[in-house]
Every structure is written in structure tokens, then in C-alpha cells.
Amino acid sequence: MSDFHFKNGNKIIKRDLKVLWHPCTQMKDHEKIPLIPIKSGKGVFIKDFDDNNYIDAISSWWVNLFGHSNQYINKKIKQQIDSLEHVLLAGFTHMPAIELSERLIKKSPKEIKKCFFTDNGSSSIDAAMKMSFHFWKNQGYKKKSKFIALSNSYHGETLGSLSVSNIDLYKKTYEKLMKQTIIVDSPDCYNKNTSHSDEKHTSLMFDKMLSSIEKNHKNVCAVIIEPLVQCAGYMRMYHPVYLKLLREACDKYKIHLITDEIAVGFGRTGTMFAYQQSNITPDIICLSKGITGGYMTLSTILTTDEIYNAFYDEYTKLNAFLHSHSYTANPIACAAANASLDIFENSNIIQKNKSTSRYIYNKIKKFWNHPNIGDVRQHGMISAIEMVKDKSKKIPYDWKERRGIRCYEYGLKNGVLLRPLGNVIYFMPPYIINRKQIDKVIEVISGAINIATK
Ligand SMILES: *Cc1c(COP(=O)(O)O)cnc(C)c1O
């Protein structure tokens, strides 16, 4: 991005590159693509050291819900720091964790009764895997040790969570370190037979899941799944009917259903939690990302008394669930999470998002007419536009051409942070984005598509 000049930022970039190794980055890319040092954030904007503003159209990796430096969340965090910054959660407790657990359980189906805190998304998946395995072990099912996951799934990048993921980019190199997972074809609707509805396609795809469950159930602890949208998996989407069918099969064959709501939870798909659109109760629900409104790391597992009670025993039986993190349920993080729930409740966010998401779809549907756009899709506040080399056959561009990076660069030059996943441009803004800002993002996406498909 040679025509991107920072004045004040340059010194900071140099200091950074001397000492920092960034996530999800080939560091050599920064010889050409500048790192963007950010000085501050306010609302949907982040501001660099040269006072350029960028609309954060991806909620800073899907975490931010109510804007950067939100006044109300700031206030609640400051109050919390002044009374208790942290205390261990083993043998001790505190009000922010109790209050948050009560509120999350109240928002869940009646069978969900317990909240187990972990540290980040990946660690909640690892803990959920251990919890499911250990439940079956405590119940005397000695053979159950495997997991079923979908193709193109993403559940995190620690060894456990990467094991149940299925995106080569993140996994292939580390395959030898992985636990074996049973992978079933994803029901995503991108490549469906166009004469089928999404519901029909998704239901038909369930046959593959069902036969895998029938074949493997004796050895399987749980099916772990991202409800409705495979976010890191290029924002591919499927119909809620899948989770309904999956719930029935899991019940019939004694398998847990673990829903990974880390990205889709807290309103992203239009309901507070995505699984609610299928009217089911998962056995284990993993939450993170938006849980603190995008302020800091925190995650939790919600589960049933049936699972909890399988660990409740005399100490000497050694049936307790042994999983702990030093900062489990940090009070400041819990205070941010409680503040974020206050905003949901006091400002009618889920209802307001309905009209925001309709407004966004009405704007992006025009991209269907573009000769190099193969799909325009949306689930609530997640919208995605897929660039293709050949529209009629849906032939993708070669990944080596890195067309997404062109969109990223064009976006930055024009004041919008877009960060395409491969050839997929997505829009997942903080909920406080206004119409004018949406219009600006759409305009920049339009320009980015034209540059990237040239
Ligand atoms: C981000 C993500 C994770 C991992 O969470 P981290 O906090 O990054 O470890 C797991 N599952 C899904 C669906 C995610 O989007």
C-alpha cells in the first residue's frame, strides 16, 4: 500500500515491528502492507495517530457490540476497579460473577442451570470437550471419547479447539498434534441445488450427519457446532432446521449437543442466541467474544443440572471437573458483561437491530447484479458478499491472488475497516452504527469490489 503515508504513525510502526509478533499474520506482509497504529476509539470509529478515522465494520474481530469506549460500560468498569479488581474463584466468589451467571441463565431455556467460566473462546471449547467426555466417563460410558464437527468449522486455535475445527489454513500444519475428529459435510447453502430452498437443502444435508451419528454414536461424546453461521468459515450460512434435527438425533443416540455461540451469540444472528431460532436446548453452550461488549477477554459455558450433577460427588471419588484459569470470571470483565446486558435490556437492542439488518440487506442486495458476485447472504446483523471468478459456475478466484487484501487496502484508504475472509467481504458492525455510516460502508464495499474483481 505504497500510497498510504503516515507521519506520526511511522515511528510507532517501527517500534512495534521490533518487538511484536502479530496474530493471524505473515509478518513479512508488513514490508508492503502497513500496520495501522490506533490511538483511540469512539463509537463505530477507530482513530490512528495521524487522526484518520476508520469505521469498524467488523466489530474488531466480531467482539464489539456497542461501540468503542462506550460511556456506560466505561463507567461500570471504573466503578468495579475501585472496589475489587480480582479475586480467585475457587473457594471465593463475588457479585459481578453471581449477577452475570443469574442473568445469562435467565436468558436461556429452563433446563440450563449452571455457568462455568473460562478465559477466551478457545478455552471454553476445550473445557466443553473435557466436560462432555468426563460426563460420559462418570456415567460409565467408557468408549465415548470422540467428537463430530462440520466441515469448514472453526472453534478456535488451541490444540483441543483446533482439533474440532476444519479449516486447512489454520489446521493442516498442526494435523499431527490433533485429536481425531469425525467431520461431516456442512449444510451451508452456498453450493445448494438452486431449485431447493435453504430449508430443503439443509434438511437433506442432515442425512449425512444422521448416518455418521448412527455409525459412530457409541464412541462419540458430542456434536460440536456453530449455530447458523460458520463465521471464520467464510460466513457460510445454513437454515435453523438443522439444529432441530440434530437435537432429536443427539437425544436418540445419547450424544451431547455443544453449540459454539462464541461469534454468533449476543444478537449477531438477529436473536440473542442463534440456537433460539431452532427452539432447542443445547447441552452445553459456549459464549465469549461479544460477552463483554468487546472490552476484554472472558468466556463461559452454560449447561444443565443433568451434566452438573454427574460431577457432584464425594471428594474421594475424584469425579470433580478439573479445569481452571487464573483469571476465571475476572470481576472487571464480569462488570463489563453486566453493563453490556444492561444496554441490551434498557435499549431494546434486538428489536432495533431488526430494522438495521433489513436496511443493510436492502442496500447490499444490489450486489447480486455484479458479474463477479456469486452470493449475497445475511443472518441478522451478519452480512456477506462472495466474490467469484465465474458467476454461473461459482468458480472461486485462486486464493493466491489475494483479492481480499485489495478490498482491505481500499477500505482503509477510504475510511472503513473491512477484513475479507478470502474472497468473502463481510459486514458485521457494532449495533450502534447509524444509517449514514451504513451508507458509507456500503459505498466503500462497492468500490472495493470493483477494485478487487478487476
Ligand atoms: C473466535 C471464535 C472462537 C475462538 O475464540 P477465541 O477467543 O479467539 O479463542 C471459537 N469459536 C468461534 C465460532 C469463533 O468465532
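Here the structure is a predicted model, which means the values were calculated and not measured. Hydrogens, waters and symmetry mates play no part in the numbers below; they use all other heavy atoms, side chains included. We count ligands from 1, going down the list as the structure has it; atoms in each ligand are counted the same way. The first residue in the sequence is number 1, and the count goes up from there.
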Approximate separation, where rounding is to 0.5 Å, of T259 OG1 and Y275 OH: 7.0 Å
Counterpart residues, side chain to side chain contact (heavy atoms under 4.5 Å, CB included), relative to T297 (two or more places apart): N120
Any residue meeting side chain to side chain contact (heavy atoms under 4.5 Å, CB included) with I81, in chain and number order, not counting sequence neighbours: I77, I332
Any donor-acceptor N/O pair, N423 side chain to Y397 backbone, under 3.5 Å: yes
Check: E386 side chain, Y190 main-chain N or O, donor-acceptor pair, under 3.5 Å: no
Shell of residues surrounding ligand 1, defined by a 4.0 angstrom heavy-atom cut-off that is strict: W62, N120, G121, S122, Y154, H155, G156, E226, D260, I262, A263, K289
side-chain hydrogen bond (donor to acceptor under 3.5 Å, both in side chains) contacts in which one or both residues fall within residues 62-78, not counting sequence neighbours: D56-H68, W62-Y426, S69-N74, Y72-D342, N74-Y295
